[in-house]
Amino acid sequence: MKIGILTGGGDCPGLNAVIRGVVRKGIFHYEDDFLGFLEGWRGVIEDKSMPLNLDAVSGILPRGGTILRTSRTNPAKRPDGIERCAATLEKNKIAALIAIGGDDTLSVAQKLHENGVKVVGVPKTIDNDLSGTDYTFGFDTACNVVCEAIDRLHTTAEAHNRVMVVEVMGRDAGWIALYSGIAGGADVILIPERPFDIERVAESLRQRHERGRYFSIVVVAEGAKFSANAQSSQAAPVLQDAEKDEFGHVKLGGVANVLAREIERRTGFETRAVVLGHIQRGGSPSAFDRVLATRYGLGAIDMVHRGEFGCMAALRANKIISIPLKEAISRNRVVDNEMIDTVNGLFEKTANKQAVGD
Ligand code: F6P
């Protein structure tokens, strides 16, 4: 069978491990041929591809990024985009397509499926916010990077009696902030799911310093929102750029700087902001992500040969299963109240302070 593969959306450590898993099992067990479309959906619209064989996937397991490159191209935003994708697949005699991506990439996969294309999805995002799967690959690596950064920031914060505010990725969901905050022993963790009251954050830090601590670590997700106040009637995230990309996303960023300024003004504690940005997405995948990504790849090629189209490989209770793409893209998997309550157990309970959530 001739199978197409693409990687779309923001890159993520483990993409190459998925490609390798698909290609190796496809060639060794099913005698498949592969074509890799370049730069996400752009490669399908413009018919840009490269052959994928055993040589092409040799040595890529530990490499970050994606040998197919990626983009945030949305065919649905272009005239005839979906039809052009279907035409490219037909021209190249592609019998099935494996799309590796997050909710944006997979929403296009679903549209193609509705247009008769045989497509299987693989869940990718460091944000870990895709529904229907326990974990997406890339998340573990990102948490390890952030955890190491927090460990390093601890020592410099301690040396200078400072508050360090660390901004991490997480547009709609605070999984990276929460997991790396727990792993790094943060004193305050702010996530998009619970708008925060700046005065209560300041009070948490004052109380900690009154208990004899002279430094603090605050982890904040880029999508965390200041709660509604006299200036704005709605909780809103801090934007770097309000212009929307092809999937309707604004560019977030800068919340750490605003927070650091406010914390210093309200507490008098010297405060610094650090934005980790794309460092979280770059570099080699962790061993956990290499294994998870490989299992997703092996699962996806089996799904193709079982004819499970319009579906996505998912991890549930440590098993790779197949779920409808529709379920995966129906909503973001955000941090739930039960998890927030559990993590709040780590912090002193006081009405006028905010460590994670209310
Ligand atoms: O893919 C999700 C994500 O990691 C978000 O957390 C972040 O807002 C976004 O990617 C940034 O991506 P880029 O700057 O590459 O468009």
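Counting convention: from 1, in listed order, for ligands and their atoms alike. Positions are given from 1, in the same order as the sequence printed here.
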Whether Phe139 and Tyr135 hold their rings parallel, tilted or perpendicular, with breakpoints at 30° and 60°: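 Plane angle under 30°, so parallel.
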Min heavy-atom dist [X] to ligand 1 below 4.0 Å:
X      : answer
Gln280 : no
Gly102 : no
His249 : no
Leu252 : no

Ligand 1 and [X], any nitrogen or oxygen pair closer than 3.5 angstrom?
X      : value
Glu222 : yes
Lys124 : no
Met169 : no

Audit row: Arg171, Asp127, side-chain contact (heavy atoms from CB on, under 4.5 Å) steps and yes/no: CA-CA 8 Å; Arg171 196 196 295 273; Asp127 291 358; 4.2 Å; yes
Look at [X] together with [Y] and state whether they make a salt bridge at an N to O cut-off of under 4.0 Å.
X      : Y      : result
Asp187 : Arg208 : yes
Arg272 : Glu270 : yes
Arg152 : Glu148 : yes

Pick from Asp127, Val250, Thr70, Asp11: the one approaching atom 2 (C) of ligand 1 most closely through a non-hydrogen atom: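 Among Asp127, Val250, Thr70, Asp11, the closest heavy atom to atom 2 (C) of ligand 1 belongs to Asp127.
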Which residue and heavy atom of the protein sit nearest atom 11 (C) of ligand 1, plus the separation: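 Of the protein heavy atoms, Arg281 NH1, 3.5 Å lies nearest.
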Closest protein heavy atom (residue, atom, distance) for atom 14 (O) of ligand 1: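 For this ligand atom, the closest protein heavy atom is His278 NE2, 2.9 Å.
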Test salt bridge (charged side-chain N to carboxylate O under 4.0 Å, His left out) applied to Asp129 and Arg333, step by step: CA-CA 5 Å; Asp129 61 354; Arg333 193 174 72 88; over 6 Å; no
Enumerated ligand 1 atoms positioned under 4.0 Å from heavy atoms of Arg72: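 Those atoms are 1 (O), 9 (C), 10 (O), 11 (C), 12 (O), 13 (P), 15 (O), 16 (O).
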Those atoms of ligand 1 less than 4.0 Å from some heavy atom in Arg171: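 Going through ligand 1 atom by atom, the ones under 4.0 Å from Arg171 are 6 (O), 8 (O), 9 (C).
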Ring centre gap for Phe215 and His154 strictly below 6.0 Å: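 Yes, close enough.
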Arg42/Asn74 under side chain to side chain donor-acceptor pair (under 3.5 Å): CA gap, chis, key distance, verdict: CA-CA 8 Å; Arg42 186 188 295 147; Asn74 183 358; over 6 Å; no
